[in-house]
Asker: 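One structure follows; several queries about it will come next.
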Amino acid sequence: MDNEESKRLLELLTARRADLLAQWEETVGASLRGRVSTAELGRELGELYDAVVDAVSKGGLAGRGEHFAVVRSLLVELSRTRARQGFTPTETAVSIFALKEVLEPLLAGSVEDARAYLQFARLLDDLGLFTVEEYARTREEIISAQSQQLLELSTPVVKLWDGVVGVPLVGTLDSARTQVVMEKLLQALVDSNSAHAIIDITGVPAVDTQVAQHLLKTVVAARMMGAECTISGIRPQIAQTIVALGIEFGDIPTKATLADALRHALMEIDKAAAARPAGLL
Amino acid sequence: MKEYPADEASREEVEIRSSGDVVKARQAVRVLAQQAGLSLVNQTKLVTAASELGRNTLIYGGGGTARAVIVRDVARVGVWVSFSDTGPGIPDIEQALTDGWTSGSGMGLGLSGARRLVDEFELDSAPGAGTTVTVLKWAR
Amino acid sequence: MSDRVPVLKIGDILLVSIQVDLEDQMVLDLQDDLSQQIVATGARGVVIDISALEIVDSFVGRMLATTAAISRVLGAETVVVGMRPAVAMTLVELGLSLGGVRTALNLELGLGYLRRAQDTPPARR
C-alpha cells in the first residue's frame, strides 16, 4: 500500500467532508428516487463516510482487512435494510459506487492523483461487492423464512370430532413438508388427547414410493404413541399407481373418503367406550 | 466429512468411562443442539444418535472420548459430534453398518440407526487402531 | 449408580413413571425389579410412563419390548404411555418398531385400556 496515496486521499476526504458528503447524498438520493428519506440517507452515508476515512487512516486501502470491520458492519446494516425495503441489488450497491463518481473530477489533475483515485476506486468496488453479497444473503434468509411459513400454513391440523384429528394435505409432498406434517399431527394428538388421526390425501396429485414411505412413517410413529392413523382420500388413479409401483401400504388402514375414515374412527371410539367400566381402577 | 468452521467457545469434551459418562455426553450434546437452534425433533434425533454411539464407544471400544462443537456453514448452523476410542476397531465397516448386524448383544441398530438420524456420518476404523465416529446435524 | 426407578402398586396394576435421564444400569435394574414385583404382587397390568423421557434409544426401546414380553409370560399386560412425538419420530427413523408393545397417549387412556383388557380375554399380538 502506497502511503503517499492514501495520505493524499485522506487529506482530501477530511478537508472537503461536508462538500463531498453532500454530493454523495445527492447522487445516491437521485438513484433511489426519494424512497429513502433525506435525513436517513444523510445519517447512513455520514456514518459510512466517517468510518471509511477512519479505516483508511488506520490501515490503508485493503477493504477486507481487520481495520474495515466497522465499515463492513455498517454495510451489512445498509444492505439488510435495503433488501428488506425491496430495493434491487443495483440500487443497493450504487450507494457505494456513487462515491467514486463524486471523487472522480477532483482526482483527475495529476498522475499521482489519478493513481490515488484508482486505488480508492478499487477499495470501493470491493465494498460494493460486499454489499451485494450481503444483500443476496438477506434475500435468501427472507426466502427461506417465507417458505418455512408457507410450509406451516399449508398443513393445518383440524379437530374433526372429540378424539379425532385430521390433516387435509394439498399439493406435492416432499420430505421437508412431511416432517412438518408429522410433527404437527403428532403434537395435535397429544394436545387434544385424541387417539385417532386421519390424513386426507385427496389434494395430493401423485403418490410415489417416497411419499408412501413418508406416510408410512407418520402412521408408525402415531401408532407408537398409542394412536391409530387412517389415510383417506385415495383417488382411483392413485390407488392404481400404488399397486403398479408395488408399494406396500402394509397394515395401514386406508379409506376412500374422509367421511369413511371418520365413520371408522367414531366406530372405534364407540367400541372403546362400550367396554369402559364405571370406575377407572 | 467436510470441515466446517467451528464455534470454539462452544466446544465440549467428555471422557467416556462409565454409562454415567454416556448420559453426561448426551446432555452436553443436547445443550449444544439447543444453542444451535435445532428443532425439537432434530435435537431428539441427534441426542439419540449420540446415545447410541456413546454406548458403542463404552461397550465395544472400552471407553474413549466424546467431543462436540457448534459449526457454521454459509447459511446454516449445526452440531458436530465425534466419539473416538482406542479399542479393537471394526474389521468390516460395511457389515457393521448393516441393520440388524451385531457383534455383541444389542439389536444391531446402533451404528446404522445413528447414521439415519443425522445429516452427515463418517466412520473411521481399522482393526487394532480404534474407532472414530463423527456425525453432524444441521439446524434445518 | 444405586438410583432405581420406583415401581408403584395401585390395585392390581404396577405403575412405573420414569422421571430421570436413564443410565443403562438403571434400565436393567428396572427390568429386574418389574419382573420380581409382578410375581410378588400378582399384578395383572403394568403401566410404564415415559412422558418425561426426552430420548428413547435402542437400549431403552429394547428394555420396553423385553419387559412387555416378560410380563406377558408372567400374566400381566404392559402399556407404555406418554411417548413424546419427537421420540416417536426418532424411533421410526432409528428403525425400532417396538412391535408387541401396547402404547397409549397418556396415563388415563393406558389405565382404561388395561381395565378393558382385563374384562375380556387378552388378545395375543
Side-chain angles (χ1 to χ4, degrees), chain A residues 155 157 159 162-165 167 175-197 199 210 212-229 248 250-252 265 268-281, chain C residues 8-15 43-45 47-51 53 56 60-61 64-65 68 78-123 125:
Chain A
T155 52
V157 178
K159 183 172 172 179
D162 264 346
V164 190
V165 293
V167 50
S175 343
R177 216 173 137 212
T178 320
Q179 177 100 349
V180 174
V181 175
M182 266 176 96
E183 280 181 49
K184 283 181 82 170
L185 183 65
L186 299 184
Q187 193 56 50
L189 291 173
V190 176
D191 295 344
S192 66
N193 198 10
S194 305
H196 292 273
I199 302 177
Q210 218 185 349
Q213 198 66 36
H214 285 318
L215 290 173
L216 208 88
K217 281 183 184 169
T218 313
V219 173
V220 175
R223 201 171 279 171
M224 273 200 202
M225 292 169 57
E228 192 62 29
C229 193
E248 271 302 329
D251 55 348
I252 298 176
E268 291 289 315
I269 290 176
D270 233 27
K271 247 193 266 172
R276 186 168 294 159
L280 191 62
L281 285 168
Chain C
L8 310 174
K9 178 177 175 294
I10 312 169
D12 55 0
I13 286 172
L14 295 179
L15 173 64
R44 299 281 310 279
V47 178
I48 304 178
D49 176 19
I50 59 165
S51 58
L53 276 192
V56 170
V60 174
L64 294 174
T78 302
V79 187
V80 172
V81 304
M83 184 186 291
R84 297 183 179 194
V87 170
M89 291 171 74
T90 303
L91 283 177
V92 172
E93 215 63 57
L94 193 61
L96 208 67
S97 67
L98 290 192
V101 180
R102 261 290 161 182
T103 54
L105 280 179
N106 52 42
L107 187 57
E108 193 178 349
L109 290 171
L111 288 172
Y113 166 77
L114 280 181
R115 180 52 79 191
R116 286 200 301 283
Q118 284 165 15
D119 290 346
T120 48
R125 280 166 64 97

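Since the model is a prediction, treat every value here as computed from it, not as a measurement. Protein chains get the first letters and strands the later ones, always in sequence-line order, with residue 1 at the start of each.
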Asker: Out of curiosity, C:N106 CG to A:N193 CG, how far, rounded to the nearest 0.5 Å?
Answerer: 4.5 Å
Asker: Over all heavy atoms of both residues, which pair between A:V220 and C:V92 is shortest? Give the atoms and the distance, please.
Answerer: CG1-CG2, 3.9 Å
Asker: Using the side-chain contact (heavy atoms from CB on, under 4.5 Å) definition, which of the options C:V80, C:V56, C:L91 pairs with A:M224?
Answerer: C:L91
Asker: To check you understand the geometry: which heavy-atom pair defines the closest contact between A:L186 and C:P85, and what is its length?
Answerer: CB-CB, 3.6 Å
Asker: Would you say the side chain of C:M89 lies within less than 4.5 Å of the side chain of A:K217, judging by non-hydrogen atoms?
Answerer: no
Asker: So for A:S194, is it side chain, backbone, both, or neither that comes closer than 4.5 Å to the heavy atoms of chain C?
Answerer: backbone
Asker: State, to 0.1 Å, how close C:A88 and A:A221 come at their nearest heavy-atom pair, and which atoms those are.
Answerer: CB-O, 3.6 Å
Asker: Rounded to the nearest 0.5 Å, what separates atom CG in A:L189 from atom CE in C:M83?
Answerer: 13.0 Å
Asker: Run A:M225 and C:T103 through side-chain contact (heavy atoms from CB on, under 4.5 Å) and show every step you take.
Answerer: CA-CA 6 Å; A:M225 292 169 57; C:T103 54; 5.9 Å; no
